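Have a look at the structure below before the remarks.
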Amino acid sequence: MKLTGAQAFIKCLEEHGVEVIFGYPGGAIIDIYDELMKCDTVKHVLTRHEQAAVHAADAYGRVKGEVGVALVTSGPGATNAVTGIASAYLDSIPMVVFTGQVPTMLIGNDAFQEVDIVGITRPVTKHNYLVKDAKDLVPTIREAFHLARTGRPGPVLIDLPKDVLATLIKYPEPKPVKMRTYKPTYEPHPGQIEKACLELLKAKRPVIYAGGGVINSNAFEDLTELAKKLNIPVTMTLMGLGGFPGTDSLSLGMLGMHGTYFANMAVANCDYLLAVGSRFDDRVTGRVDAFAPKAKIVHIDIDPASISKNVRVDIPIVADCKHALIAMNTWFDRNKDFDANARVEINRPWHEQIKDWKNKHPLGYVEETDIIKPQFVVQKLHELTGGNAIITTEVGQNQMWAAQFYHFNHPRHFMTSGGLGVMGYGFPAAIGAQMAAPDKVVIDIAGDGSIQMNIQELATARQEKLPVKVAILNNGYLGMVRQWQELFYDKKYSQTVMEVVPDFVKVAEAYGAVGLRATKPSEVEPVIMEALRTDNTVFMDFVVAREEGVYPMVPAGKATTEMLLV
Amino acid sequence: MRHTISVLLQNKPGVLSRVTGLFSGRGFNIESLSVAQTLDPEVSCLTLVTSGDDMIIEQITKQLHKLIDAIKVTDMSEHDYVEREMALIRVKAEAHTRAEVLRVIDIFRGKVIDVGPKSYVVEVTGKDSKIQAVIDILRPIGIQEIVRCGTIAMTRAKKS
């Protein structure tokens, strides 16, 4: 029996076990939407903007550990999706995005709602395709899913001309994808593993620096095992939070520009740095030549291009993080000379030094009795959710306070736009996360600026009856830019004062959601408790200290030891 | 340092722009570029000349390798190899200079491939330095137009 392209598309999603997709219809993609109506296996979530659809798919994929799927129309639908795609690309998130396209015979004619989305997204996708022949449709979708989820994951885009979706084709039998040019390396080289382990045995001041690759490869347990076995302190990047229990005594919290004092001091003074699934981003390293200058650097990454890109590495290991960590754990288990108790002795002065740093400059803020500190709100959220909520963030101060004060103990519980830094990510991401985990508490920690970048998604949350909570840290500023202006631009607050901020309680109510407000510290807990009791979408408007800053802070271009402290 | 890099690519639409986009997007430099089909019509060979320190060249080869359509990336500079460029030069050839032009072309083992009443088109192949030498010698006689192609390169046969 022959199927239309649109029917084959749905069948191919089913073949890949896709249960939920996020999207927005339009003329060029209408054939698929027509088929979706008849389909009861694939649930479509209608967002109110294509960017939100892609962010939601991003977070859905992150929570589930699967490939997120977004579906948008041609032209503006596709261009609106670009920010979401770029964010997923920089964060290495597995995703397949389908865009409608004008009929093949019109391509290149500047037709209505035509745009060369394959050209536009080439630098922000892992790979992309224009399907010109209907018989290529299904094999292309299979290849796209394969590419998105294997190797270093990333978004893959498929552009679907309208006529291709209407053409009758025979549905090809499922078979494993084989690509001549694409064979990511999963297994580490045993010689490199041995070198890394031998060096680690010599180390007196080791540190593990874990990134998003740990989450992507589901290496949480293996990383924890290695750190505990060898008594190594662990610091995490923004993307790596939750890759190691944040409340564990070995955790140093986040490193980098807004990392903890002790994490940055530990990295600057370590003699052995094990980078796992991290990429030496500028927000992590600060001035590159002052980053871990005394250390032997071992770098585990599945992407060879990430190794020695910014910082010269002594022992590169190209592999999947999980496979490499298993190999290291096995090496120590088999090595008869390895004595865990002896490690504790050897590392004792190092751990004492770190404890000293922790006591000297713990993560903190100045508490006040009459005004809500934003950090206090995040601490309360952590306390009242038992640290078990899925947290999404927008970008700016809200993101950094969430990262610093919600001590993530589980992987796949923190969704943030780390690389691209997209304001407007958190709310649609919370929607995607809640779709993936209906029984979890999902909270978007937002600012009053960034929530407005995708505030229309209240309608989506309401339509899907999602009990998503949004905690708005409302300071009436674009807080992070204001902080930079305060510190480096003579307090000239150019265009960072939000002179008009909507009444978020009323906005929520206008959509049929619940709006709550706290203006005093004593109101924070009752507001959060009420929000958690409500099974509706809730906006919590926390009116916070206006000019609170995020500290520690490493000024751009400085060494990470040159921190501004509270 | 100058590097000649050879890339085997899937012969598909848009592949060239993936390569050039990578160079422009990451601020790498392309000094010359040449692409054509190989014996296998599904594979094309792209040769490019670039320059940079070791870390940049390492990134270039890694990023090229990362392209899904790239089959093989070879930094020729790590091997013993031969390379050639070709130039077509329209040079003034009037009564008193015709013999001189022919003599120069002969010395460089070039060919005259078109003869006009007042000019020749000559074809010269060789390494970049040789092409430059021909140009320098012909310039005083009067070069009217030059078209040069990118470098192409091949590894030498292994000895023994």
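Because the structure is predicted, anything quoted here is derived from the model rather than measured. Naming convention: chains lettered A, B, ... in sequence-line order (proteins, then strands); numbering from 1 in each chain.
Separating the OG1 atom in Thr181(A) from the CG atom in Leu67(B) is a distance of 9.5 Å, to the nearest 0.5 Å. For the atom pair Tyr129(A) OH and Lys12(B) NZ, the distance stands at 6.5 Å (nearest 0.5 Å). Rounded to the nearest 0.5 Å, atoms CZ (Arg18(B)) and OG1 (Thr125(A)) are 6.5 Å apart.
No other option in Leu130(A), Val118(A), Ile307(A) has as many heavy-atom pairs under 4.5 Å with chain B as Ile307(A). Between chain A and the residues Arg26(B), Glu58(B), Gln63(B), the largest count of heavy-atom pairs under 4.5 Å involves Glu58(B). Between chain B and the residues Pro304(A), Pro123(A), Pro184(A), the largest count of heavy-atom pairs under 4.5 Å involves Pro304(A).
Annotation for Met55(B) and Arg312(A): closest pair CG-NH2, 3.8 Å, computed over non-hydrogen atoms.
Heavy-atom contacts from other residues, nucleotides or ligands closer than 6.0 Å to NZ of Lys296(A) number 12 or fewer. Within a 6.0 Å radius of CD in Glu42(B), other residues, nucleotides and ligands contribute 12 heavy atoms or fewer. Dense packing is recorded around CG of Asp133(A), with more than 12 heavy atoms of other residues, nucleotides or ligands lying under 6.0 Å away. Around the NZ atom of Lys130(B), the shell of radius 6.0 Å holds more than 12 heavy atoms that belong to other residues, nucleotides or ligands. The 12-atom threshold is not exceeded at NE2 of His65(B), counting heavy atoms of other residues, nucleotides or ligands nearer than 6.0 Å. Shown here is Asp289(A), whose CG atom has more than 12 heavy atoms of other residues, nucleotides or ligands within 6.0 Å.
In this structure, the portion of Asn310(A) lying under 4.5 Å from any heavy atom of chain B is its backbone and not its side chain. For Arg152(A), the part lying near chain B is the side chain, with the backbone staying farther off; criterion is any non-hydrogen pair under 4.5 Å.
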**Request:** Run the numbers on Met179(A) and Ile68(B) for side-chain contact (heavy atoms from CB on, under 4.5 Å), then give the verdict.
**Result:** CA-CA 9 Å; Met179(A) 295 178 71; Ile68(B) 304 296; 3.6 Å; yes
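In terms of modelled atom types and a separation under 3.5 Å, the side chain of Gln59(B) and the main chain of Ala305(A) share a donor-acceptor contact.
Looking at Asp303(A) and Lys62(B), their side chains never come closer than 4.5 Å, going by heavy atoms from C-beta outward.
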